[in-house]
Amino acid sequence: MPLLYLQLRRVSHQPRACLAPVGEKEVPGAGSTTGQRRKHTCQFCQTEEDLLEVKPDIVPGPRSYQHTYRIHFSRAGSYRCSETSLGFEVRALVAIEYQWDSWERHLKPHQLQGWVVASPLFNIQVEPAGAIAAIYLPHIVCLKGGEVDISLMYVAHIVNGELTLEKPTRVKPFYAVLENPSFSCLGLVFRYLFKHIPVHSKVLLYHAAMSAPTTFHVYVIPCDDSLEKAVEEHEEKHNAVLLDKPPQIDNPLYIDRNYTVASSPKAEILPKKLKFSYPIQERRQPFVEVYIRDLEMNIKLHITEVSSTEVLWEAMVREEDIQRARSSPEEQADPHFIDRHREQLIQRVTVVDALLDKLYGPVLDEEQYQRIRAGATNQDKMRRLYDLMPSWDRACKDSLYRALKVQHKHLVAELSEVVNWALVAAN
Ligand SMILES: [Zn+2]
């Protein structure tokens with residue numbers, strides 16, 4: 001195993017770098033929900049040679065797809081970034097800094113006339129440049145086991161708004177490889193010779209609203225990690241959660257063809273159809289909204305192309321899926337966060353009345369609420385609250401945890417950190 005030097009940087013409540021390649025010790029909670037992303041596979045395309053996956057140091061940007069990633073390698077080897085899927089063949093000690101960039105910021109529409117964008121655009125700086133023997137740029141095109149003409153794929157190199165096209169050294173099922181690259185803005189484009197380009201794609205299913213009717217957002221997106229991050233950020237901002245369903249679509253989808261989402265039992269689904277596209281502007285993705293009045297019964301969702309009956313993707317959604325997705329790692333941990341930090345919470349919570357207001361109804365009845373409020377001090381009130389806990393189930397503790405997260409965000413973060421770092425030390 002090559003030794004890596006990756007700079008550890010702690011950024012409070014932000015994605016954090018890991019000390020070691022994935023597969024070795026991992027910092028709990030690092031990298032946002034990135035751990036839910038899976039390596040792309042396709043029934044037509046052979047899996048890539050194994051690049052060693054590494055977690056970069058992350059400098060947060062204004063949006064999650066605008067982070068800056070940094071890696072220092074001290075040994076030769078072939079590596080793949082866990083956040084962006086960018087790959088590097090390293091000759092010698094090197095420092096690399098990169099981020100996703102925007103095609104439209106650097107190019108005017110006419111400059112890409114006759115070409116289809118086939119990857120995100122990467123802005124890459126390397127010091128010294130000669131230490132990188134080859135770069136692996138992840139693309140979205142499904143080569144369909146050799147059916148697709150790979151000579152149509154080019155590396156787009158953008159310097160000061162000028163576009164230069166370069167033949168990649170090799171085109172692999174999920175990457176185009178460029179040996180002895182020079183750096184600045186690099187991406188992949190595909191010559192637009194035929195109308196429909198097959199694309200590796202995936203489905204992201206979000207539970208969008210807690211209240212009835214239950215609402216889901218179904219995204220069908222090309223396998224581009226920057227798009228996934230943009231969707232994730234947009235949905236999380238609206239308190240939606242990703243459901244843990246297989247995201248992969250086994251067959252490629254085709255740019256500009258329409259697809260449709262259906263359900264059993266029948267739900268309200270809008271829009272009826274959506275055009276599958278690879279929008280490069282602002283990384284905004286369209287989605288299909290599914291409303292269902294009563295989720296007591298399971299709901300099966302499936303996706304087909306409008307012109308076909310072949311099911312491209314399907315999943316069964318149960319109420320437990322939503323509950324699991326909505327509970328945080330702290331809530332799922334055993335013993336519960338509320339039990340683990342009893343002493344600290346009794347001593348340090350200062351807004352007990354606000355917590356009680358949140359628990360009144362779902363957790364506390366009138367008599368319990370009044371009895372706790374009558375406590376002389378905050379500590380006294382917290383002790384009275386803890387006295388009730390032997391009769392509580394996990395859902396009651398989850399409710400208190402969520403109320404604490406709202407009222408005492410920093411205290412909860414601090415206590416969670418203590419546990420996470422203790423776990424790292426124990427490993
Ligand atoms: Zn494929």
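Start at 1 and go down the list; that is how both ligands and their atoms are numbered.
- Excluding waters, the set of protein N, O or S atoms lying under 2.8 Å from the Zn ion (ligand 1) comprises Cys42 SG, Cys45 SG, Cys142 SG, His200 NE2.
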Trace of the side-chain hydrogen bond (donor to acceptor under 3.5 Å, both in side chains) decision for Asp398 with His336: CA-CA 8 Å; Asp398 291 349; His336 198 283; 2.7 Å; yes
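- Classification of the His234-Phe287 ring pair by plane angle, with boundaries at 30° and 60°, yields tilted.
- Aromatic pair Tyr259/Tyr254: ring centres not closer than 6.0 Å.
- By the salt bridge (Lys or Arg N to Asp or Glu O under 4.0 Å) test, Lys300 is found to be paired with Glu314, residues two or more places apart in sequence or in another chain being considered.
- In this structure, Lys273 places its NZ atom where only 12 or fewer heavy-atom neighbours from other residues, nucleotides or ligands lie under 6.0 Å away.
- The six-membered or imidazole ring of Phe174 lies away from that of His139, with a centre-to-centre distance of 6.0 Å or more.
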